[in-house]
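In what follows, every chain begins at residue 1, and chains take the letters A, B, ... in the order their sequences are listed. Computed over heavy atoms, backbone and side chain alike; hydrogens, waters and symmetry mates excluded. Computed from a predicted model, the values in this text were never measured in an experiment.
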Amino acid sequence: MNNSDHNHKFALTTPLYYVNGVPHIGSAYTTIVADAAARFQRLQGKSVLLITGTDEHGQKIQRTAAEQGLEPQVHCDRIVDSFKSLWDKLNIKYDRFSRTTAPNHQAIVNEFFERVWKQGDIYLDRQQGWYCVSCEEFKEERELIEDHHCAIHTNKPAEWRDEENYFFRLSKYQQQLEELYESQPDFIQPASRRNEVINFVQQGLKDFSISRVNLDWGFPIPTDEKHTIYVWFDALLGYVTALLEPDQKPTLDNALSQWWPIDLHLIGKDILRFHAVYWPAMLASAGLPLPKKVFGHGFLTKDGLKMGKTLGNTIDPFDLVDRYGADAVRYYFLKEIELGKDGDFNETRFINVLNADLANDLGNLLNRTLGMLKKYCQGNTPQLTSENYSSDHPLKSIGMDLGDRVIQASENLQFSQACEEILTLVRSCNKYIDDSAPWSLFKQDKQAEVEEILYAVLESVRLSAYLLSPIIPDLSNKIYQQLGFDWDFNQDERYKAREDFLWHSKWGKLSTNKTLGKAIPIFSKLELPPED
RNA sequence: GACAGCGUAGCAUAACGGUCAAUGCACCAGCCUCAUAAGCUGGCAGAUGUGGGUUCAACUCCCAUCGCUGUUACCA
């Protein structure tokens with residue numbers, strides 16, 4: 001693959017979610033962000049591979065399944081179905097759904113393991129200590145609370161284990177990792193997370209155990225069947241397996257030929273260490289190129305409080321989409337929460353923001369303008385182009401380089417910023433209409449001026465819809481259709497052509513010579529929930 | 001405990017050390033009527049956690065203090 005080739009390709013991942021339970025709002029958040037990022041890339045005509053999936057091995061899964069009287073695979077299949085259905089509801093367009101129980105995954109894991117083994121980075125050692133099954137990890141004595149209960153999982157005591165484990169020689173890669181963080185400052189983002197990782201690595205890295213005994217639900221260590229590969233070692237490689245074409249022979253060479261290295265791993269901050277420390281070390285050991293970027297986003301709170309089962313204040317993502325729709329949920333998470341920082345979910349704010357931005361500012365803008373077009377121009381779009389407007393026109397001046405600014409923001413995963421840029425144009429449209437009062441001009445028979453105003457507004461709405469399409473694809477579709485375009489932002493073909501992007505992302509491209517129909521509200525106002 | 005970060009109007013955010021600290025939401029008043037009782041204009045409210053210091057000038061730098069958060073070995 002040459003450089004120019006890589007410029008029009010973009011591979012990104014969500015985590016492979018652990019199938020201990022049905023998807024929660026955190027997984028939905030990560031996946032929405034990833035989908036928006038992927039859509040922004042596709043919009044520019046790049047080939048994109050969005051990988052999501054599930055991590056299905058480990059003792060915790062085995063036990064969860066057993067508690068329900070299910071075979072582990074049956075349990076996993078059920079959970080996977082719920083993930084897929086949520087992604088469908090949220091209009092997530094993923095390209096690969098990677099399951100660590102997929103038949104081709106074991107071959108990749110084995111081959112990778114052998115590479116690392118040959119490198120001399122795996123060795124057998126004894127591990128003793130208290131093991132928390134819920135964490136799938138050994139705990140230091142000082143970390144445990146009374147009666148050897150894990151501090152995170154207080155309902156179950158940790159188990160005493162004395163076993164032989166295989167270890168990965170992480171300590172060997174300390175210097176290499178430090179050099180990586182130094183030479184590639186944006187490898188870990190945001191910067192605050194990067195500092196944490198650097199801090200951690202500088203304290204000295206210990207080798208970590210990559211196998212478990214007395215565990216059936218997982219892949220055996222190729223060289224020693226008594227041992228099962230630790231879930232994380234297995235799960236991270238799911239990103240590699242995902243790169244295989246469906247009927248391709250599962251070899252590392254095949255998997256890595258097209259899309260490697262991954263451009264972006266989008267993850268929650270809780271699993272940053274695996275992706276920013278262990279993963280690059282594993283890859284270095286196997287002699288593979290490293291991913292370009294790992295972005296650890298923040299967590300969601302509900303009304304300012306941590307969400308959790310104990311507090312009983314979790315948000316059910318299925319319920320949220322059912323009540324408000326995919327675009328509403330997507331918009332709130334992308335616009336109101338700054339990626340990287342913790343963000344709060346508050347239903348009143350949620351409703352206020354959506355009503356203000358999507359129903360009032362944007363939706364009603366389209367509605368009022370189409371209404372005028374119908375009354376004043378019989379629904380015919382004015383025969384104008386960008387050339388008819390001077391560069392200091394109140395809308396053209398904002399719209400001219402809006403595409404550039406929005407794309408720039410999206411490249412930095414600043415979707416909130418992107419939305420703000422677009423909203424500035426939308427709000428200016430409303431102001432522009434009031435300032436120029438086309439209804440008065442119409443009464444004065446100033447038809448040309450009316451048309452000039454309406455065209456400028458409709459075109460600004462079109463551009464806004466286009467640039468918002470990665471965030472609210474269904475609403476953008478509705479706008480585009482009402483503006484006379486035969487267009488579907490949910491279809492991949494619409495993203496393939498670079499020329500399409502260059503055309504649509506500029507101000508002044510509204511198709512002329514069309515008769516537009518009656519306006520249909522694109523977004524109904526949401527009702528505030530009753531006070532309780 | 002150690003290390004890191006944060007603390008701006010009711011809420012959410014913004015401000016290369018330098019115009020009256022900006023924007024949105026919410027709230028109040030006025031205007032308009034093309035529109036989803038939407039829109040526009042104006043108002044509201046903070047002397048930027050507290051106390052010092054550096055500087056001609058600090059939200060922006062330094063010190064202290066209070067409060068919150070994160071990381072401290074493998075939970076989105």
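- Rounded to whole Å, the separation between the P atoms of rA58(B) and rC16(B) comes to 16 Å.
- For Lys514(A), the side chain to side chain donor-acceptor pair (under 3.5 Å) partners two or more places apart in sequence, or in a different chain, are Ser511(A).
- Summarising the local packing, CD of Gln175(A) is surrounded by 12 or fewer heavy atoms from other residues, nucleotides or ligands at distances under 6.0 Å.
- Annotation: rU54(B) and rC66(B) have their C1' atoms spaced 23 Å apart (nearest Å).
- Place Pro15(A) and Phe200(A) on RNA chain B by their nearest nucleotides, and Phe200(A) ends up nearer the 5' end.
- The separation of rG43(B) from rA21(B), taken at their P atoms, amounts to 15 Å, rounded to a whole angstrom.
- Under the 3.5 Å distance criterion, the side-chain polar atoms of Glu338(A) are left unmatched by any main-chain donor or acceptor of Ser416(A).
- Side-chain atoms of Tyr376(A) and Glu451(A), non-hydrogen and from C-beta on, never get closer than 4.5 Å to each other.
- Residues Asp342(A) and Lys269(A) have side chains in contact (heavy-atom distance under 4.5 Å, counting atoms from C-beta outward).
- Each of Thr30(A) and Lys269(A) was assigned the nucleotide of RNA chain B with the nearest heavy atom; the assignment lying further toward the 5' end belongs to Lys269(A).
- Straight-line distance between the C1' atoms of rG17(B) and rC61(B): roughly 8 Å, to the nearest whole Å.
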Shorter than 3.5 Å, N or O on both sides, protein versus nucleotides 1-9 of chain B: list them out with atom names.
unit_1: rC3(B); atom_1: O2'; unit_2: Asn199(A); atom_2: ND2; d: 3.1

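- Going from atom CG of Asp435(A) over to atom P of rG42(B) covers 10 Å, rounded to whole Å.
- Residue-level contact check: Pro438(A) touches neither bases nor backbone, having no heavy atom under 4.0 Å from any strand.
- With hydrogens and angles left out, the side-chain atoms of Tyr17(A) and Thr31(A) include a donor and acceptor closer than 3.5 Å.
- Taking atom OH of Tyr432(A) as the reference point, atom P of rU41(B) lies 15 Å away to the nearest angstrom.
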Contact letters for nucleotides 30-39 of chain B, in which S counts primed atoms plus P, OP1 and OP2 and B counts the base, heavy atoms under 4.0 Å: --SSBBB-SB
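- Taking atom CH2 on Trp232(A) and atom P on rA73(B), their separation rounds to 17 Å, with Å as the unit.
- Under the 3.5 Å distance criterion, the side-chain polar atoms of Arg212(A) are left unmatched by any main-chain donor or acceptor of Thr228(A).
- Residue contacts for Glu420(A): at a heavy-atom cut-off of 4.0 Å it reaches no nucleic acid atom on any strand shown.
- A donor-acceptor distance shorter than 3.5 angstrom exists from the side chain of Arg330(A) to the backbone of Asn91(A), with no hydrogens or angles considered.
- You'll find the side chain of Ile92(A) reaches within 4.5 Å of the side chain of Ile32(A), heavy atoms only.
- Tyr239(A) and His275(A) have tilted rings, their planes meeting at an angle from 30° to 60° on a 0 to 90° scale.
- With hydrogens and angles ignored, the 3.5 Å screen pairs no side-chain donor or acceptor of Tyr324(A) with any backbone N or O of Leu526(A).
- One C1' atom belongs to rC32(B), the other to rU41(B), and the distance between them is 10 Å to the nearest Å.
- Between Arg462(A) and Tyr480(A), the side chains place a donor N or O and an acceptor N or O closer than 3.5 Å (distance only, hydrogens not considered).
- Going from the C1' atom of rU33(B) to that of rU48(B) covers 41 Å, rounded to whole Å.
- Tyr432(A) has its ring centre less than 6.0 Å from the ring centre of His393(A).
- Here rG10(B) presents its P atom at 17 Å from CG of Asp344(A), a figure rounded to the nearest Å.
- Atom name P, nucleotides rC11(B) and rA45(B): the rounded distance is 16 Å, in whole Å.
- Note on Lys306(A): only backbone sugar-phosphate atoms sit closer than 4.0 angstrom, heavy atoms only; bases stay farther off.
- Atoms CG (Leu272(A)) and C1' (rA73(B)) sit 13 Å apart, rounded to a whole Å.
- Within residues 444-451 of chain A, no residue has any heavy atom under 4.0 Å from RNA chain B.
- The backbone N or O of Asp303(A) lies less than 3.5 Å from no partner atom in the side chain of Asn346(A), so there is not a single donor-acceptor pair.
- Rounded to whole Å, the C1' atom of rG67(B) lies 16 Å from the corresponding atom of rU8(B).
- Here Leu205(A) lies in heavy-atom contact (under 4.0 Å) with a base.
- Residue Phe415(A) contributes atom CZ, which lies 20 Å from atom C1' of rA12(B) at whole-angstrom precision.
- In this structure, Phe345(A) has its ring center under 6.0 Å from that of Tyr332(A).
- Gly21(A) comes within contact range of no nucleotide atom at all, as no heavy-atom separation falls under 4.0 Å.
- In this entry the distance linking CG of Asn352(A) with P of rU13(B) reads 15 Å, nearest Å.
- Residue-level contact check: Gly268(A) touches neither bases nor backbone, having no heavy atom under 4.0 Å from any strand.
- Lys341(A) comes within 4.0 angstrom of the backbone, heavy atoms only, and of no base.
- Every stem involving RNA chain B, taken as at least 3 paired positions in a row under the Watson-Crick or G-U wobble test at 3.5 Å, is listed here: B:1-7 with B:66-72, B:10-13 with B:22-25, B:27-31 with B:39-43, B:49-53 with B:61-65.
- When heavy atoms are screened at a 4.0 angstrom cut-off, Tyr278(A) is found touching base atoms of the nucleic acid.
- Taking the salt bridge (Lys or Arg N to Asp or Glu O under 4.0 Å) definition, one finds that Asp121(A) meets it with Lys172(A), sequence neighbours left out.
- Put simply, CZ on Arg193(A) is 6 Å from C1' on rG70(B), counting in whole angstrom units.
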